[in-house]
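Taking it in order: structure first as structure tokens, then the write-up.
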Amino acid sequence: DVIANYTAFQDLRLAIERPRAQRGPRRPAGTEPLERSPSGSAGSAARARATRDPLRIVVIYPDLLGTYGDTGNGLVLYNRARWRGIDAELVNLQSDARLLLSGDIYVIGGGEDGPQVRAAAQLREQNFHRVGDGSAVVFGVCAGYQILGNQFPGADSSIQRGVGLLDVTTERSNSPRAVGELAGVVTVPGWEERLGTLTGFENHASHTTLGAGVDALMEVRAGVGNGTSRSDGAVNGRIIGSYLHGPALARNPALADLLLEIATGERLEPIDDHEEMALREERLAHLGIPR
Ligand code: GLN
């Protein structure tokens, strides 16, 4: 019997598909090295990266911003890189550790107002806006998205400063808290066809207004999103924010691969995502949205 959530689909399938005879001695779950190759000519990405440092994926403060499972975004990126033979490193950076500015991809998750304020203060103090000398990919979700912006409300509704990587402003809304499924069609120029529809869930009390320096990530078809227009999220080059929990990159593998391709500069081979696609179809059908 196996119990697994969808960040484990690929590992799970590998374990089930591998003939019994090849399995060898039992190892504790999660410690097996993966030998997965992408379909097609395996390992070209691995060869291209062979002489570089490992792709460093940093999850920012999972101890403060781990309430909604967004830490899984780091795991998805790490595994999808490894499944292509890309040498990758996953750093779950706790809030008492010195900030690593040398990451290639940063993910920041959602959380309660208090931890969010603390995370933002630390990130500002430690110059998070300098990550990767401007070359890092950053994906922030909900509280993480708000932190990437100019300002957001604290638990007492006081104005808190974000790190200013996205030209967005978040304010407490008078509407009821936005809780439920969130889905939409990607509107970022050049990303529409590749990403199509994104699915996830949302849970937030504030609304976000986009400034002139960003594009919306998507046009909302179900749920609230930014709340100030029928849009969700914001994008400025390599900096991306959204209200999509899920984890978003488990529910939207195409978005995970896009982030990996931006970070590596390499075209990734497709992998068999039929379980993830089945999950997406189920969630979108539930909302009456075509894939
Ligand atoms: N505290 C923020 C809000 O309610 C973010 C919530 C979250 O990260 N889900 O708007």
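Keep in mind that the numbers below use all heavy atoms, side chains included, and drop hydrogens, waters and symmetry copies. Keep in mind that this is a model prediction, so the values were computed, not measured. Note that ligands are numbered from 1 as they come in the structure, with each ligand's atoms numbered from 1 the same way.
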>> Do Arg251 and Thr199 pair up side chain to side chain, a donor and an acceptor below 3.5 Å, judged on atom types alone?
In response: yes
>> Below 30° counts as parallel, above 60° as perpendicular, anything between as tilted: where do the rings of Tyr145 and Tyr243 land?
In response: perpendicular
>> With a 4.0 Å heavy-atom cut-off, what residues sit around ligand 1?
In response: Tyr68, Gly110, Gly111, Asp113, Gln116, Cys142, Ala143, Gln146, Arg177, Asn203, His204, Ala205, Ser206, His245
> Pick from Asp232, Asn226, Thr170, Thr169: which one makes a side-chain hydrogen bond (donor to acceptor under 3.5 Å, both in side chains) with Thr208?
Replying inline: Thr170
> Other hydrophobic cluster members with Leu284, side-chain heavy atoms of Ile/Leu/Val/Met/Phe/Trp/Tyr under 4.5 Å, chained?
Replying inline: Leu287, Ile289
>> Any carboxylate oxygen within less than 4.0 angstrom of a Lys/Arg side-chain nitrogen, looking at Asp113 and Arg118?
In response: no
>> Salt bridge or not between Arg194 and Glu192? Use side-chain N to carboxylate O under 4.0 Å.
In response: no
